[in-house]
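I have placed the structure first, in the form of structure tokens, so that the comments after it can refer back to it.
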There are 2 protein chains.
Amino acid sequence: MYRIGELAKACKINNDTLRFYEKNGLLRPSDRSDSGYRLYSEKDKEILQFILRAKGVGFSLAEIRELLSIEVDKANNACADVKELVDAKLLDVEQKLAELTRFQTSLTRLSEACCGGEESAEHCTILAALESDTSQVRHEHHHHEAS
Amino acid sequence: MYRIGELAKACKINNDTLRFYEKNGLLRPSDRSDSGYRLYSEKDKEILQFILRAKGVGFSLAEIRELLSIEVDKANNACADVKELVDAKLLDVEQKLAELTRFQTSLTRLSEACCGGEESAEHCTILAALESDTSQVRHEHHHHEAS
DNA sequence: ATAAACCTTTGAGTTAAGTCACAGGTCAAG
DNA sequence: CTTGACCTGTGACTTAACTCAAAGGTTTAT
Ligand SMILES: [Zn+2]
Ligand SMILES: [Zn+2]
Ligand SMILES: [Zn+2]
Ligand SMILES: [Zn+2]
């Protein structure tokens, strides 16, 4: 069992953030000590890591709460409910993945096209990489000739 | 050229959000009409879409501003600066991609394991799918036998 | 030519997600 | 048996990212 400070430190967040998550229905510690300390289990830690990962990829706490509610309410929800929510989130995730892949392509293209030298980056732009096809970026970039 | 309301409607955001982005150095309209109206070009629209996509995958406005500054300052930045920033963001993106892929795997696994019926979703949990290996989830899930 | 529907600026209010401050209880080490 | 590092609760404050309000100018539609 982790006490609040231990779990917070392990996950590099503020103690108050844990209390905040508890108050907002995201993560309730599995137990309390006699003196009232919050006691978090390994599973609690995994839930927290799930929350932090989800946050990192752009889910709001409300969305995360919704995802976690599957867990909490499993006895009172039908498989139909679960599947509906999961499939909706899956769509979200797949859309985000598509966007991110696009970003990755653009940034990679840009990074590869860029010489990394000390000259003016006249042709180095994210938007050029985003807007145009690969061919364009490679073509126009990087003459740096002595004028 | 789009006027503020047109661009806002086209991109499904609030007019005020565009003014806000302008004030915060994210998107300045290419031109103004004689009467002072903001006039946005096609390129401005693409920048806006870039901003909205970036937001959607979890970049903060500060980070987006940084990405866009490559564009704005290109004449005053060396390729070295550009490459450094781009490579840093690329790392970010790749990390987000890894997380999202993990989410996708878990959600897909859960969705596939779930019958979608009206029975209690006792075994349907995100966390089970996240924590365990595929085998476990498939195994334990979905007996729904008449008790 | 006048109302409706835009636009302008400045500045205040809201929501999400923390973060901090206060007043006091608990516990391990010296 | 006290000091310092924890913990408790309640509630106020902060930051990011909008969102709205007020007061007035402009354009379009009838
Ligand atoms: Zn370059
Ligand atoms: Zn170069
Ligand atoms: Zn199911
Ligand atoms: Zn089922």
Side-chain angles (χ1 to χ4, degrees), chain A residues 1-41 44-45 47-69 89 92 96 99, chain B residues 1-41 44-45 47-69 89 92 96 99:
Chain A
M1 290 299 207
Y2 301 88
R3 289 192 307 187
I4 194 171
E6 292 166 348
L7 182 59
K9 184 168 276 181
C11 295
K12 285 164 188 169
I13 59 169
N14 192 310
N15 297 7
D16 285 324
T17 303
L18 280 171
R19 298 199 189 95
F20 175 78
Y21 286 169
E22 181 177 356
K23 202 178 61 179
N24 288 276
L26 281 133
L27 179 60
R28 182 166 326 106
S30 295
D31 204 359
R32 294 274 180 147
S33 74
D34 289 348
S35 44
Y37 286 21
R38 290 167 178 84
L39 294 175
Y40 296 91
S41 66
D44 291 336
K45 187 182 181 186
I47 296 176
L48 177 58
Q49 283 163 345
F50 173 91
I51 293 170
L52 298 176
R53 281 201 308 277
K55 243 169 48 74
V57 294
F59 283 109
S60 69
L61 295 193
E63 289 173 311
I64 297 169
R65 187 166 34 238
E66 208 182 7
L67 281 167
L68 291 172
S69 76
K89 288 300 163 195
D92 266 25
K96 279 180 203 288
E99 297 294 10
Chain B
M1 290 298 207
Y2 302 87
R3 289 192 305 187
I4 194 170
E6 292 165 348
L7 182 59
K9 185 168 274 181
C11 296
K12 287 167 188 163
I13 58 168
N14 193 311
N15 296 8
D16 285 324
T17 303
L18 280 170
R19 299 198 189 93
F20 174 78
Y21 285 168
E22 182 177 356
K23 205 177 61 177
N24 290 276
L26 280 133
L27 179 60
R28 182 166 327 106
S30 294
D31 205 359
R32 293 275 180 146
S33 76
D34 289 349
S35 43
Y37 286 21
R38 291 167 177 83
L39 294 173
Y40 296 91
S41 66
D44 292 336
K45 188 183 181 185
I47 296 176
L48 177 58
Q49 284 163 346
F50 173 91
I51 294 169
L52 298 176
R53 281 202 308 278
K55 243 170 48 74
V57 293
F59 283 109
S60 71
L61 295 194
E63 289 173 312
I64 297 169
R65 187 167 34 240
E66 208 182 8
L67 280 167
L68 291 170
S69 75
K89 289 299 164 196
D92 266 25
K96 279 180 203 288
E99 296 293 10

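Every chain is numbered from 1, with letters handed out A, B, ... down the list of sequences.
Residue Arg19(A) is in base contact, counting any heavy-atom pair closer than 4.0 Å across all strands shown. Within the 4.0 angstrom heavy-atom criterion, only backbone atoms of the sugar-phosphate kind lie near Asn15(A); the bases stay farther away. The residue Asp16(B) sits close to a base: some heavy atom pair falls under 4.0 Å. Using a 4.0 Å heavy-atom distance criterion, Ser60(B) is classed as a sugar-phosphate-only contact.
Considering every non-hydrogen atom in both Arg28(A) and Glu22(A), the closest pair reads CA-CG, 4.3 Å.
On the nucleic acid side, DNA chain D contacts chain A at distances under 4.0 Å to non-hydrogen atoms, with the end points of that region at dC6(D) to dG9(D).
Remark on DNA chain C: of its neighbouring residues Ala62(A) and Gly36(B), the 5'-side contact belongs to Gly36(B), judged by nearest-heavy-atom nucleotide. Nearer the 5' end of DNA chain D, as judged by each residue's closest nucleotide, is the contact made by Ser35(A), out of Ser35(A) and Arg65(B). Between Ile13(A) and Glu6(B), it is Glu6(B) whose nearest contact on DNA chain C lies nearer the 5' terminus.
Rounded to whole Å, the distance from CG on Leu61(A) to C1' on dA16(C) is 7 Å. If you take CG of Leu39(B) and P of dC6(C), they are 16 Å apart, rounded to a whole angstrom.
Residues passing the side chain to side chain donor-acceptor pair (under 3.5 Å) test with Tyr37(A): none are found, sequence neighbours excluded.
For the pair Asn14(A) and dC20(C), the criterion of a side-chain N or O lying under 4.0 Å from OP1 or OP2 is met. The phosphate of dT9(C) (OP1 or OP2) has a side-chain N or O of Arg32(B) nearer than 4.0 angstrom.
At least one test fails for Lys9(A) against the ring of Tyr2(A): distance under 6.0 Å to the centre or angle within 45° of the axis.
In this structure the side chain of Asn14(B) never reaches within 4.5 angstrom of the side chain of Phe20(B), judged on heavy atoms. Residues Leu48(B) and Leu18(B) form a side-chain contact, since some pair of their non-hydrogen atoms from C-beta on lies under 4.5 Å apart. The shortest side-chain heavy-atom distance between Glu63(B) and Asp92(B) falls under the 4.5 Å cut-off.
Relative to the side chain of Tyr37(B), the nucleotides dT9(C), dC6(C), dA17(C) differ in distance, and dC6(C) lies closest.
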